[in-house]
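The structure appears right after this line, and notes come after that.
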Amino acid sequence: MKSLEDALNHRRSCRAFQSTPIAAEELQRLLAPALRAPSNCNTQPWFFHIASGAAIERLRKRLPEDFTAGRVSLDFPYDGKYDGVFRDRQYAAANALYSAMGIERSDREARNEAFMRNFTFFDAPHVGFFFIPEGFHEREACDLGMFAQSVMLLLESAGVHSCPQTALGFLADSIREELAIPAQQKLMFGLSFGYPDTSAGANDCMTDRMDSSEAVVLHS
Ligand SMILES: Cc1cc2nc3c(=O)[nH]c(=O)nc-3n(C[C@H](O)[C@H](O)[C@H](O)COP(=O)(O)O)c2cc1C
């Protein structure tokens, strides 16, 4: 097991996985501490649905078809347009990924192919989906984020890599229907996870971070 600091420093979004699955009982045991994540008034407003085996294979077939056919359904609005420093960081992260994958920025077809791999979970053996109850807003989304980061760090501490994916939120209805999830659960994003394929260029992608003094402002 890695220390918390190691897990935070070493976690990176993984975009190529080995097919080796993790046993269901092992997953339940590994993820149980994430339930200790804090939430407003201890409401614990999260649902985490994990698809493996036949369930993930059904989704792997259906999601690219639904997206390509324009059967897009979002529970929360998505813009994806940023200005100023946020746009600079968005472009820097995209450049880091494309150069790790050997894709030219001008090569639209290769970029589209890379994007479509979101819907086949980068070949991961597991995909999870993070939901909050219908009618809940920003505060509960923050609770969900804390739960999700706890999940990612627990996975990382056990050598299991992951990729959070807003792209999977574009197909909320398809995912709910395929996994028989009630309409009252609203999808924020997905998480592909498994053991990394260390030979894939996509997994060499390193993103920058601002200096801690820019984000952590001490007042006295
Ligand atoms: C909520 C959330 C949604 C994301 N959605 C996607 C996605 O749809 N596809 C993808 O490849 N990466 C996605 N990412 C990964 C980010 O691009 C990545 O976290 C960021 O560039 C920093 O890189 P790192 O995770 O390797 O540190 C998402 C990350 C978060 C936190």
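Counting starts at 1 for both ligands and their atoms, following the listed order. This is a predicted model, so every value here is computed, not measured. Residues take their numbers from the sequence shown, with the count starting at 1.
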Problem - Backbone or side-chain N or O of F189 under 3.5 Å from ligand 1 N or O - result: no
Handout entry: Per atom 13 (C) of ligand 1, closest listed option by heavy atom (S162, G169, P164, C163)
Key = P164
Problem - Test item, R209 contacting ligand 1 (heavy atom, 4.0 angstrom) - result: yes
Practice task
Considering only non-hydrogen protein atoms, determine which one is nearest to atom 5 (N) of ligand 1 and report residue, atom name and distance to 0.1 Å.
Solution key: T166 N, 2.8 Å
Problem - Closest to atom 17 (O) of ligand 1 among Q165, H10, Q90, R15 (heavy-atom distance) - result: R15
Exercise for the section: Using a strict 4.0 Å cut-off to heavy atoms of A167, name the atoms of ligand 1 that fall inside it. Expected result: 8 (O)
Completion exercise
Counting from 1 in the order shown, the ligand 1 atoms closer than 4.0 Å to a non-hydrogen atom of T207 are 21 (O), 22 (C), 23 (O), 24 (P), 26 (O), 27 (O)
Exercise for the section: For the pair N203 (side chain) and R15 (backbone), establish whether a donor and an acceptor sit closer than 3.5 Å, ignoring hydrogens and angles. Expected result: yes
Practice task
Would you check if P133 and F47 make a side-chain contact, meaning some heavy-atom pair closer than 4.5 Å?
Solution key: yes
Exercise for the section: Can you establish whether the number of heavy atoms outside F76 located under 6.0 Å from its atom CZ is more than 12? Expected result: yes
Exercise for the section: Identify, for atom 9 (N) of ligand 1, the protein heavy atom at the shortest distance, and state residue, atom and that distance. Expected result: N118 OD1, 2.9 Å
Completion exercise
Exactly one candidate in F131, F130, F129 meets ring pair (Phe, Tyr, Trp, His ring centres under 6.0 Å) with H49; the answer is F131
Problem - S162-E156 side chain donor-acceptor pair, cut-off 3.5 Å - result: no
Practice task
Carefully, step by step, assess E177 and R62 under the rule salt bridge (Lys or Arg N to Asp or Glu O under 4.0 Å).
Solution key: CA-CA 11 Å; E177 187 180 288; R62 175 169 176 173; 3.0 Å; yes
Problem - Donor-acceptor contact present, side-chain E214 to main-chain S212, <3.5 Å - result: no
Practice task
Report yes or no: is the cationic atom of R87 (NZ for Lys, CZ for Arg) closer than 6.0 Å to the six-membered ring centre of Y91, at no more than 45° off its axis?
Solution key: yes
Handout entry: Numbering as shown, the atoms of ligand 1 that approach R12 to under 4.0 Å (heavy-atom distance)
Key = 26 (O)
Practice task
Indicate whether atom 20 (C) of ligand 1 is within a distance of less than 4.0 angstrom of some protein heavy atom.
Solution key: no
Practice task
Using non-hydrogen atoms of the residue, decide whether R11 is closer than 4.0 angstrom to ligand 1.
Solution key: yes
Exercise for the section: Just need the protein heavy atom nearest to atom 26 (O) of ligand 1, so name the residue and atom and give the distance. Expected result: S13 N, 2.8 Å
